[in-house]
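Positions are given from 1, in the same order as the sequence printed here.
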Amino acid sequence: MKVPAEIFRAYDIRGIAGKVLSAAVVRAIGCALGALARERGAPTFAVGRDGRLSSPVLCAALMEGLNAAGADVIDLGIVPTPVTYFAAHHLACHSAVMVTGSHNPGEYNGLKMVIAGDTLTGEDIQGLRRRVESGISESGGGKRTQENVLDAYVERIIGDVKLARPFKVALDCGNGVAGVIAPRLFRRLGCEVTELFSTVDGAFPNHHPDPSKPENLASLIEELKTGPAELGLAFDGDGDRLGVVTKSGHIIFPDRQLMLYAKDVLARNPGAEIIYDVKCTRLLAPWIEQHGGRALVWKTGHSLVKAKLKETGAPLAGEMSGHIFFKERWYGFDDALYCGARLLEILAKENDPNQVLERLPDAPCTPELNWQLAEGEPQAIMGKLQGLKAFADASRVLTIDGVRAEYEDGFGLARASNTSPVIVLRFEGNTALALARIQEVFRKTLQPLKPEAQLPF
């Protein structure tokens, strides 16, 4: 079977549902996954799906393909991605697939995959493509059962996380799948919860469920101004990325959130390594070292970070996009619901939680900026950029994932997204002047590589 190569990304499968990601393609991928899991000795899959309009059809095709390869399926129904990961541990099947388009536009969907405890990435995902293209013999015989693990998930978290006092929190689920469990979980933790957009609706009628974009937090900021909540938490479409907003409307981006989590974890694990991705602030590494840890910068991508977490034994990792990975007291997968609970556990001990958040080290910076391009163009442009050996005046240039040019007074980053055809850009400076200077250096370097495509800064 010929399949579109572009859907097989660096750390998951992603594409426009019904077009490049058809039910037939997903069934074939399910068959390949089932065969691979049988080879690796973990042929039972926990399978969940998000609330996108295309998810029921694609999930049915996936389960049919898994069964056709002789793998068993435990159907979890509509659940957040971290609940699917949790089920693989809780049900001791160790393999899982989540049907989700995550934070991508509504017409997208995809697969996040775990086999025998390892999140598939890179070459494994390309291996799936080759299996599909070469043809897979269908042995059949796989069974399908249903399981509700939401109760067990909530009990596991409330057994681990204890709040020193009741907390008033506003939750914005963005009509994503976090709405099926987030309000219940935080009420069980003892919170007074204000709900925004908890009804799961794959048309996303209120705003897009991507908390990394400030415009998607406008409703939450307004609720915090007028309502009783002390803090706002926002979840992405599949519940594995967290956004945080203070009472006064300040967005605490995930790299600054990670400072707070790192300080807490290092208090119990002195000398531990803390991992962060290339999009994070320059202020994070000194903070980690100041609190007795070792800082390690790594590639962006949930499966890449999880693999590094497993390799190093680090108790904590985080990405600027909002994926936070607790290995201490948890399982090492990215879980915005658990992360939000750990944040409240830390803040409930403080007299002024918002002040604690707003006083974390900060510098003038941009959010993630997306340079919109055609399929395949980001990788080609990044190849040219790395070949230029630009940014000679930088104190350090990292090329583990795109190009990150670090200066004494800031940094600039350009990297190809692995989930959509964009180049992701981010900038930071100790002052607004430094920020503007670094952006201008990148503008003069990048624009000639695609003169007709307008940069987003």
Side chain proximity check, Lys310 to Asp118, heavy atoms < 4.5 angstrom:
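A side-chain contact under 4.5 Å exists here.
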For Lys112, which of Asp12, Asp238, Thr81 qualifies under side-chain hydrogen bond (donor to acceptor under 3.5 Å, both in side chains)?
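Running side-chain hydrogen bond (donor to acceptor under 3.5 Å, both in side chains) over Asp12, Asp238, Thr81 with Lys112 returns exactly one hit, Asp238.
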State whether the number of non-hydrogen atoms from other residues, nucleotides or ligands found under 6.0 Å of [X] atom [atom1] is greater than 12.
| X | atom1 | value |
| --- | --- | --- |
| Arg165 | CZ | yes |
| Gln146 | CD | no |
| Lys263 | NZ | no |

Do [X] and [Y] pair up side chain to side chain, a donor and an acceptor below 3.5 Å, judged on atom types alone?
| X | Y | value |
| --- | --- | --- |
| Ser212 | Glu368 | no |
| Thr281 | Asp255 | no |
| Glu358 | Ser248 | yes |
| Ser198 | Glu195 | yes |
| Asn269 | Glu328 | yes |
| Asp210 | His103 | no |

Please determine which of Asp236, Ile251, Asn216 meets the side chain to side chain contact (heavy atoms under 4.5 Å, CB included) test together with Pro211.
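Result for side chain to side chain contact (heavy atoms under 4.5 Å, CB included) with Pro211: Asp236.
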Is the Phe86 ring parallel, tilted or perpendicular to the His90 ring (thresholds 30°, 60°)?
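Aromatic pair Phe86/His90 classed parallel.
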For the pair Tyr338 and Trp330, name the ring-plane relationship: parallel under 30°, tilted 30 to 60°, perpendicular over 60°.
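Parallel: the ring planes of Tyr338 and Trp330 meet at under 30°.
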Identify the heavy atoms of Leu242 and Cys339 that sit nearest to each other, and give their distance.
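Closest pair (atom of Leu242, atom of Cys339, distance): CD2-SG, 3.9 Å.
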Please determine whether a side-chain nitrogen of the Lys or Arg among Lys19 and Glu375 lies less than 4.0 Å from a carboxylate oxygen of the Asp or Glu.
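Looking at Lys19 and Glu375, the cut-off is not met.
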Selection residues 219-277 - residue pairs positive for ring pair (Phe, Tyr, Trp, His ring centres under 6.0 Å), sequence neighbours left out
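Every ring pair (Phe, Tyr, Trp, His ring centres under 6.0 Å) pair that includes a residue of residues 219-277, provided the two are not neighbours, is Tyr261-Phe326.
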